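A, B, ... follow the sequence lines: proteins, then strands. Residue 1 opens every chain. Values below: all heavy atoms of this structure, side chains included; hydrogens, waters and symmetry mates excluded. Fair warning: this is a prediction, and the values are worked out from it, not measured in the lab.
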Amino acid sequence: MPHDHHDHDHLSPSGHPFRADNDTALTYWQQMEIAVRELLVKKGQLTSVEINAQIEAMDARSPADGAAVVARAWVDPDFKARLLDNAAAATREMGFDIGPLNLIAVENTATVHNLIVCTLCSCYPRNLLGLPPDWYKTRAYRSRAVKEPRKVLREFGVDLPDTSQIRVHDSTADMRYVVIPARPDGTEGMDEATLAKLVTRDSMIGTGLARVPGVA
Amino acid sequence: MTRVRVKSMFPPGHVRAPFYVRGKTGEVEREIGPFGNPEQLAYGLKAEKKTLYRVRFSMQELWGETAENPTDTVDVEVYAHWLEEV
């Protein structure tokens, strides 16, 4: 048996659970999306190829882009200064096509830890980091991050001493945020590409720390 | 730093000032610049430019005695027309 599922009534012959077909009626907004898209194509404003290319461009964005920016900031103090001054311009300078993104970078230090949330909806620096994790959009994360960030961080495995200061950033309007995690000890002399592998998605949201070399 | 209070008003519709900062006092962390007012943009109306600020609130100010750690802070983006100087 390939997997150890126990509910045998709902298993396919391959041992995986069946997934229900999406045979339900379209919602109002799904219908609107299809109607507007088809009209735009029919009127010659856009082609299906262009729409798919844009979807692929969005899917190609990933935390690796942000990790490259963080690694550059770790090795190049002048770049870090530009990143903290105007994160959108500094990111474009590295060649990332982040569109109209208004970006602010905030830096973790020995005494300050930054955490990003959007309490009103799900604002996230998608043009740099790709799509947000599902938990980022939950009511639990959105409401608790501004009320009990230390407890939330402990659940993510980040236990900060009382002497450190937590700065939560609520993306309520036009800005998006990226955390520059603290550079781990034991990384002296590493090149940018190696350093970038230590920078996780969560470390750029603030719910994690950068990986320490040699620790899983 | 300029101390400001978020106006305690409750208009209907699409606004970007979250409930938990209304009536609360904080310090302007930085001015971000003019953006089209989302309260008009959301309805496809011609939007006036409004200045957006980042305002820093202490957990003590936001949550009082139930604050997890009174000196931790939350920075929130708030438009000028929601702020009054104190």
Side-chain angles (χ1 to χ4, degrees), chain A residues 32 36 84-89 100-108 111-123 125 139 141-155 158-179 206, chain B residues 1 4 6-7 13-22 24 26-42 44 47-83:
Chain A
M32 286 293 278
V36 171
L84 290 169
D85 179 56
N86 184 338
L101 183 68
N102 297 310
L103 190 66
I104 289 179
V106 290
E107 184 186 16
N108 285 352
T111 52
V112 173
H113 184 90
N114 295 281
L115 179 68
I116 312 303
V117 65
C118 172
T119 58
L120 295 176
C121 44
S122 58
C123 298
R139 275 189 197 278
Y141 179 74
R142 286 158 48 210
S143 56
R144 294 181 61 213
V146 293
K147 181 70 168 52
E148 47 183 25
R150 286 170 186 268
K151 198 169 167 192
V152 171
L153 285 171
R154 279 196 294 274
E155 289 170 21
V158 178
D159 200 357
L160 296 171
D162 289 344
T163 48
S164 71
Q165 223 226 329
I166 295 189
R167 285 185 193 152
V168 182
H169 303 269
D170 189 354
S171 323
T172 45
D174 288 81
M175 308 309 291
R176 301 294 175 266
Y177 297 87
V178 61
V179 175
Chain B
M1 278 206 222
V4 290
V6 182
K7 291 179 187 171
H14 180 92
V15 298
R16 302 301 304 181
F19 270 68
Y20 72 94
V21 299
R22 297 188 198 174
K24 304 294 183 185
E27 285 179 344
V28 173
E29 190 264 348
R30 73 180 85 169
E31 177 182 328
I32 303 168
F35 288 96
N37 184 358
E39 294 163 27
Q40 292 161 320
L41 279 179
E48 301 161 56
K49 293 283 182 187
K50 299 279 187 186
T51 304
L52 186 61
Y53 294 93
R54 271 165 54 78
V55 183
R56 181 164 293 172
F57 302 90
S58 71
M59 290 290 186
Q60 168 73 41
E61 170 70 7
L62 294 177
W63 310 114
E65 284 182 4
T66 66
E68 183 184 49
N69 185 334
T71 55
D72 288 341
T73 58
V74 182
D75 291 3
V76 181
E77 297 158 36
V78 188
Y79 281 92
H81 61 288
W82 276 86
L83 297 173

Inset, instruction - Select one option (side chain, backbone, both, neither) describing which atoms of A:Ile104 are under 4.5 Å from chain B's heavy atoms. - result: side chain
Inset, instruction - Indicate yes or no: does A:Arg150 engage B:Asp72 in a salt bridge with an N to O separation below 4.0 Å. - result: yes
Legend entry - Non-hydrogen side-chain atoms of A:Val168 and B:Met59 separated by less than 4.5 Å: yes
Legend entry - Heavy-atom closest pair, residues B:Trp63 and A:Val146: NE1-O, 2.9 Å
Legend entry - Option that, when pairs with chain A are counted at under 4.5 Å, heavy atom only, ranks first among B:Ile32, B:Leu52, B:Val74, B:Leu62: B:Val74
Legend entry - Contact origin within B:Phe57 toward chain A - heavy atom pairs under 4.5 Å: neither
Inset, instruction - For each of A:Leu120, A:Asp170, A:Asp174, tally heavy-atom pairs with chain B at distances under 4.5 Å, and name the one with the top tally. - result: A:Asp174
Inset, instruction - Against chain A, label B:Pro38 side chain, backbone, both or neither, depending on which of its atoms sit under 4.5 Å from a heavy atom there. - result: neither
Legend entry - Contacting moiety of B:Val55, where chain A heavy atoms sit under 4.5 Å: neither
Legend entry - Spatial distance of atom CZ (B:Arg54) from atom CE (A:Met175) [nearest 0.5 Å]: 8.0 Å
Legend entry - Side-chain donor/acceptor of B:Arg16 to backbone N/O of A:Thr172, under 3.5 Å: yes
Inset, instruction - Write out, in numerical order, the residues from residues 64-71 of chain B with a heavy atom short of 4.5 Å from a heavy atom in chain A. - result: B:Thr66, B:Glu68, B:Asn69, B:Thr71
Inset, instruction - State whether the side chain of B:Glu77 and the backbone N or O of A:Ser171 hold a donor-acceptor pair below 3.5 Å, judged by distance alone. - result: no
Inset, instruction - With a 4.5 angstrom heavy-atom cut-off, could you sort out which part of B:Tyr79 is near chain A: side chain, backbone, both or neither? - result: side chain
